[in-house]
Each structure stands twice: as structure tokens, then as C-alpha cells.
Amino acid sequence: MPEKDALVRLRKTTERVRKDLKDFRKAALEWGPFDPAHDRARFIPVMNGKDWKKLSTLARAIQKESRKSLAAIDKSRKKLLSVLPLLDALDKVAPGLPPPLLKMKGWKEQRQRIAAGLRKKGLSPDKIEAILEAEEKRDFRKAPGQLRAKLDPAIARIEKARQRRIASLMGAVHADAVSRFNTAWKKPAAFNPGKAQSWCRSNYAMLLNGEKAVWQLLRDGKPEKAAAEAAKLARRAEAALAPGAELAASVAARRRQPGAGAADNVAALWIAEIIRGLLRAIALGYVAEGALAWGASTGPTQEWIRAAKLPFPGSESPPAIAVREFKKRKSGQEVTLTGVVTSVAITHRAGKAVSAVKIASDKDNRITAALSHIKLDSGGMVPGAIVRVTGTWTGTIPWLPGGPALIVKRLSYGELGKKGWRDWVTGAIRDVYAPVPHGLAAIWSWEPGVDGAGNPLYYGVWYEN
């Protein structure tokens, strides 16, 4: 392309970027500040009243509000997205743009003529020199990259605004599932172990294969198709959530009936874990759709493409043993134990929460699982729950009088996310949804009532604030 035409394209694209950024700033003012933590204040009184139908109504209202806000944000996003093809086209003609003035033939004489003209306009020598030096520093061939850099803060702001609304939306999705769970708990269907096993297996495969498809498409350099696959996975997960909540209610009821056994406990634990997987997939769908919409030349999309170069599997906890089988208790030993929570005690030392959870296999075998600065029940680890927890057996604990305990392990997804895709995803979505609050190396069953599956909403820990 001739140099003159390339300059015309640069000028028009620059004007378009400036205009769209001005429109974006105006639109962003209408979004206003928003904190999803405010939803907690709406959830608490409804949950205290055990009005599960009202909780569902509230959840759907919040979902509607969130989607309306996301639509407004997406309108601004689409406008900025329409600029990107112009920048791509500008990249192609960038070699035809003129070099810096200092490298142009005849610039020395041209500089003198420009300076003379500016003097005639009454500008001072210092002002004239400042103008000329500024022009000499310009490199037209770097202009496309500089224009992209001007978009970066706007893109980051849009992504942040989207995430806060998605966090609100995910709290509402969780709340609706809790409502269905507690409503079904009032009149639970008879628990069918075969049906439960089939549901767990089919949804586990759906979640695993769906996420692997997203990962593979990103590895193949197809972010648009990956976004569509993530959205499809989220829709499938949402469709499976209501049946999962009802199944969790039926097994919770079964565990409280005479003759219930270990198989029922295992079923309750894994049904709850699949529900967490469904919620994680929904969050993944919303977050990936936004990040991947920007295209391969932008920061948000590049981050996901880089992450897909990691191996797909995530970290796995070691095999669990029942509390009654934990005989050789050596201080410093990491172990994964399973049992039923019999009590939870939250005390405070130096203004910080100290959690002590009693976990038992039977009336003669129990241990204490403990953690400081975290309320372990805030995620749903409450009396009656079957739990699988990894930690370090510790003999003497300064902040926990009364003997040895299992110090619950917390997972660092920042570090784990450097090794595997699935852990990277869990870390990437924690600003909108944390499947296991606080990064605890533990899972537990869903339990009914005010103190149970809805605790992440009650304590405001369904996402990382």
C-alpha cells in the first residue's frame, strides 16, 4: 500500500479508537460500582426464615438483574470488538507507514522550514523545539501497537465488571440449587442407589469431556470454538443442576433413616462433588465466553491459550482412609481421612477465628480437624456431613489447646495452576465462584437447613472477594 494511503488508514483508525473509547467511558459510568457481597444481605433473612420458595424467587430475580447488567456491559464490549479488525488491517499496512522523521531523507532542511513557520506564528524557541522533538520521537510503524495498548485498560475494566456481575449470577445459581435441595428435602423421593450411580457417572463424564474439549480447542488455536464449547458445557451443567439437588436431598434423607450405611455416605459425598463440578462448569462457561471473545491478539484470550499448553489433569488428593483406620499417628504426617462431622466449634484467639471440627467413623474413633483464620463451617462442613479432608497431623498446636489435630491443608491454585490446566481454571474462576471455599483440600456432602449447603451464601464465601 502507498505510504499516503497507509497514513490515511492510520488517521481514520486512530479517530475511531478515540471515539469508541470516549463512548466506552460514558457507558461505563452507567454501570456504577457493584459489589456482589451485597447479595449476601439479601440471602440471609430469607434463609433464616427457611422460606426456600422465596429463596428461589430471590435467586431468579438476582439472575435477571445480573444478566441485564451483563447485556449492558456486552454492548460496550461489542463496540470495542468492532475496532479490532481495523487494527488487524492496520497491522498489515504498518510496513508501508513512513519511518521516524530523523530517518527520512531531507528532514534536516524540512525541520528548518517548519521551525521558521512556527516562529512566524509567534511561538518561542523552547516551544518550537519541544514540538519538533516530540514529532521526531513518533514512529508511525509502532502506531498500531500503541493503539492496541490504549484499548487494554478498557478491556481490563470490562472484564472486571463482567466478573463481578458473574459472581452475583453464580451466587444466585447456587441459591436456586439450595432452594431446590431444601424443598425436595421436605418430601424426599426414595433414594435409588443405581440411579444415583448412573447420574454421577454420566455427569462426571459430561464435565470431564466438555472441559477437555475446551482445552483441546484452545491448544489447536481456535478460541472462538472453545468459547462456544464452554458455553455449551455451561448449559448442560445448568440442566443437570436441579436433578442433582433433588438427588442430594433423597440421599440426605436416606442417611438419616434406620439401616443407612457406608454406601449411602459415599453416595452423598460424590453427589455433592458432582454438584460442585456442575457449578464450576457454569462459572467456566461465563468466564471463558468473555475472555475468549476478544480474540487471539488480546491479553485475556492469550492468557487462556497459554494456559491450554499445560497438561490437562489437575492435582489429585491421595487415597482416603476412615478415621478408625488411622492408627499410626505421627506428627508431620500428611493424610487424607474420611468420616462424619459430629461437631464444629468456632472460637477466637487474638481476634482471629479458630475452627475445630470433630470427625468420627463411629462412637469410639474420632479426630479433630482444625484451622486458624478460617471458619470451616462457612463452606458447608457442618454436623452430619460426610467429609473427606487432607491435612497434616500435628501433635502440638499453640493456637489449639487440647491435644493433637489434623491441620487442614489449603491449596494454592496460583502454584497448582502452573502445573495443570484444571487447577489453572479453578484459580481463574475463583473471582466469580469457588467450588470449595477457602481452597480447602476437602469435600463434603450437602446438608439441609439453614446451616448446610447454603452456608457459602450465608457467609459470603461462594466467590473470592
Side-chain angles (χ1 to χ4, degrees), residues 248 251-252 254-257 260-273 275-276 316-349 353-411 435-456 459 461:
V251 74
R254 168 59 188 154
R255 290 180 59 229
R256 287 159 174 79
Q257 294 171 356
D264 301 311
N265 285 343
V266 171
L269 186 64
W270 290 111
I271 290 169
E273 184 63 359
I275 290 174
R276 278 186 282 271
E316 296 182 2
S317 60
I321 60 172
V323 169
R324 65 175 173 274
E325 297 170 5
F326 185 41
K327 303 296 185 183
K328 297 179 180 179
R329 303 180 179 183
K330 297 179 181 179
S331 189
Q333 172 188 2
E334 184 171 294
V335 63
T336 300
L337 299 175
T338 185
V340 177
V341 175
T342 59
S343 67
V344 178
I346 308 295
T347 57
H348 290 81
R349 292 176 68 88
V354 172
S355 298
V357 176
K358 298 291 185 183
I359 302 173
S361 291
D362 49 58
K363 64 181 181 179
D364 297 321
N365 293 281
R366 67 184 61 204
I367 59 102
T368 298
L371 195 61
S372 64
H373 296 72
I374 296 292
K375 294 180 179 179
L376 288 174
D377 59 342
S378 63
M381 192 187 296
V382 298
I386 177 73
V387 63
R388 186 181 194 275
V389 58
T390 300
T392 303
W393 188 253
T394 307
T396 303
I397 307 167
W399 44 266
L400 187 71
L406 185 75
I407 306 301
V408 179
K409 183 179 181 179
R410 296 183 68 190
L411 302 174
V436 177
H438 314 299
L440 302 178
I443 58 174
W444 48 84
S445 58
W446 266 31
E447 297 303 311
V450 177
D451 188 26
N455 279 16
Y459 289 94
V461 296

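Just so it is clear, the structure is predicted and the values come from calculations on it, not from any experiment.
Using modelled atom types, no side-chain atom of T368 and backbone atom of A356 make a donor-acceptor pair closer than 3.5 Å. When atom types are taken as modelled, the side chain of S361 and the backbone of V323 share a donor-acceptor pair closer than 3.5 angstrom. Here the side chain of R256 pairs no donor or acceptor atom with the backbone of G384 at under 3.5 angstrom. Formation of a donor-acceptor pair under 3.5 Å by the R276 side chain with backbone atoms of W444 is found in this model. Distance alone, capped at 3.5 Å, is enough to place a donor-acceptor pair between the D264 side chain and the G261 backbone. Here the side chain of N455 pairs a donor or acceptor atom with the backbone of D377 at under 3.5 angstrom.
In this structure, the separation between CG on L406 and CD on Q333 is 9.5 Å, given to the nearest 0.5 Å.
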Let me see the working for V344 and L376 under side chain to side chain contact (heavy atoms under 4.5 Å, CB included), right down to the final yes or no. CA-CA 8 Å; V344 178; L376 288 174; 5.6 Å; no

Show your reasoning for whether side chain to side chain contact (heavy atoms under 4.5 Å, CB included) applies to V387 and T338. CA-CA 6 Å; V387 63; T338 185; over 6 Å; no

Would you please test R329 and I367 for side chain to side chain contact (heavy atoms under 4.5 Å, CB included) and show each step? CA-CA 11 Å; R329 303 180 179 183; I367 59 102; 3.5 Å; yes

Please test V341 against V382 for side chain to side chain contact (heavy atoms under 4.5 Å, CB included), starting from the C-alpha separation and ending with a verdict. CA-CA 6 Å; V341 175; V382 298; 5.9 Å; no

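The two residues I397 and A405 come nearest to each other via the heavy atoms CD1-CB, 3.7 Å.
A heavy-atom distance below 4.5 Å is found between the side chains of I374 and R410.
Other residues, nucleotides and ligands contribute only 12 or fewer heavy atoms inside 6.0 Å of the CD atom of E316.
Just one of T336, I443, I359, L371 meets the side chain to side chain contact (heavy atoms under 4.5 Å, CB included) condition when paired with V389; it is I359.
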